[in-house]
Number of protein chains: 2
Amino acid sequence: MAPKLDKHDHVLLAAIQENARVAQSELGERANLSTAAVNRRLRLLADAGVIEKYTARLNPKALGYGLTIIVEVKVESERADLLQEMQRGFTACPEIQQCYYVAGECDFVLIFLVRDMEQYVSLTRRLFHENGNVKAFKTLVAMDRVKTGMDVPITGSESG
Amino acid sequence: MAPKLDKHDHVLLAAIQENARVAQSELGERANLSTAAVNRRLRLLADAGVIEKYTARLNPKALGYGLTIIVEVKVESERADLLQEMQRGFTACPEIQQCYYVAGECDFVLIFLVRDMEQYVSLTRRLFHENGNVKAFKTLVAMDRVKTGMDVPITGSESG
DNA sequence: CCTGAAATATCTAAAAG
DNA sequence: CTTTTAGATATTTCAGG
């Protein structure tokens, strides 16, 4: 899946992760490449799945989603089909930003983005209380989103 | 901070959140706006901070970061200056993708993206063991990143 | 794999309704 | 808000090393 990234790729990836709108001409200056080479590399990186998508990060508060809640879910049974059905339900819920299947005390960690507590309570009914496979869940209310994002660390060099 | 978003804005925001590279001409078709109106709205939304940034989402595994770990941190003292110093340390660490300050049993929830367990252990030394204000921390290893992203739900309409 | 230049496409701003 | 125009930027492709 990762076809040998060299240091030029690292420069490009770090740059577009920070700001996807920088012109390929400027990327070329930073990476010491022509715009044509930049264009080709970006295409290959996207085709290879290294670049998953170009996206705009929106301000949740500006859209009325002022409440972040982290939830730990414990399940009754770890039967594969039941887990998969739960994962589908979580994934389909737009208010669940992130879902991790974890090893340890609990089984899932979810990150909710909701308008208010009322909406969260309503979602817990549907997703947890009405789901026979949810044994327990623990709610952690975020007072501050200290650091957010899906940024991947990009070291100076590694494989090149 | 949120200067009345109408349904046109919602269409635009949902579209560029899903794919930031769609042409403004196509955005215009989807939102029933001229490209000039789309351009103006996108500029205003960015200036107002509704659009925080344009970014490329990268595949962590492709960059060698195959291990996601969620950590709950409990502090000794909640003194404001100590908390702030911890937050600065977490924020400055590239391997910490996300940091939430939460109410409840623990005080911080962190999401790490690391190359391997060795790197994680090394980071815990520096960030937790060598920090006098960390009372305890609990490590949850992610077996699967079921759903990721920072997407904000965009309802059909609300304030318009 | 690269560069440089040409051909497309896109964005931005202005003018007028 | 709209449409149209025009010029500046950005992108993609192509020829050739």
Side-chain angles (χ1 to χ4, degrees), chain A residues 1-59 62-64 151-152 154-160, chain B residues 1-59 62-64 154-160:
Chain A
M1 182 178 256
K4 288 158 198 155
L5 308 178
D6 63 17
K7 74 177 156 81
H8 295 299
D9 292 314
H10 284 113
V11 172
L12 298 179
L13 292 171
I16 65 173
Q17 180 170 242
E18 210 278 314
N19 177 12
R21 302 205 105 190
V22 298
Q24 295 178 358
S25 56
E26 194 186 320
L27 292 177
E29 290 177 17
R30 295 196 207 171
N32 286 317
L33 291 170
S34 66
T35 67
V38 171
N39 189 274
R40 182 180 152 279
R41 280 169 182 263
L42 290 180
R43 169 178 297 283
L44 292 176
L45 288 167
D47 289 349
V50 178
I51 299 170
E52 291 183 345
K53 70 186 302 194
Y54 292 90
T55 179
R57 179 121 97 242
L58 308 182
N59 182 335
L63 285 150
D151 287 1
V152 179
I154 297 180
T155 71
S157 64
E158 89 200 62
S159 63
Chain B
M1 183 178 257
K4 288 159 199 156
L5 308 178
D6 63 17
K7 74 177 155 78
H8 295 298
D9 292 315
H10 284 114
V11 172
L12 298 179
L13 292 171
I16 64 172
Q17 181 171 241
E18 211 280 313
N19 176 11
R21 302 206 103 189
V22 297
Q24 294 179 357
S25 56
E26 193 184 321
L27 292 177
E29 289 177 18
R30 295 196 208 170
N32 285 316
L33 290 171
S34 64
T35 67
V38 171
N39 190 273
R40 183 179 151 279
R41 281 170 182 261
L42 290 180
R43 168 179 298 284
L44 293 176
L45 288 167
D47 290 348
V50 178
I51 299 169
E52 292 182 343
K53 72 187 299 195
Y54 292 90
T55 180
R57 176 109 51 101
L58 308 182
N59 182 335
L63 285 151
I154 297 180
T155 69
S157 64
E158 88 199 64
S159 64

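Here is how names work: the chains are called A, B, and so on, in the same order as the sequence lines, proteins then strands, and each is numbered from 1.
Using a 4.5 Å cut-off on side-chain heavy atoms (C-beta onward), A/Tyr54 and A/Ile16 make contact. Two residues are said to be in side-chain contact when any heavy atoms from C-beta on lie closer than 4.5 Å; B/Glu18 and A/Thr55 fail this criterion. Residues A/Asp6 and A/Arg41 have side chains in contact (heavy-atom distance under 4.5 Å, counting atoms from C-beta outward). A 4.5 Å side-chain heavy-atom check between B/Ile51 and A/Arg57 finds every atom pair outside the cut-off.
With rounding to the nearest 0.5 Å, the separation of CG in A/Leu63 from OG1 in B/Thr155 is 8.5 Å. Residue A/Leu45 holds its CG atom at 5.0 Å from CG of A/Asp9, rounded to the nearest 0.5 Å.
From the 5' end on, the contacts that DNA chain D makes with chain B at under 4.0 Å to a non-hydrogen atom open and close at D/dC1 to D/dT3.
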Query - Base versus backbone protein contacts along nucleotides 3-17 of chain C [heavy-atom cut-off under 4.0 Å; B, S, -] - result: BB------SSS----
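With sequence neighbours left out, A/Asp151 forms a salt bridge (charged side-chain N to carboxylate O under 4.0 Å, His left out) with no residue at all.
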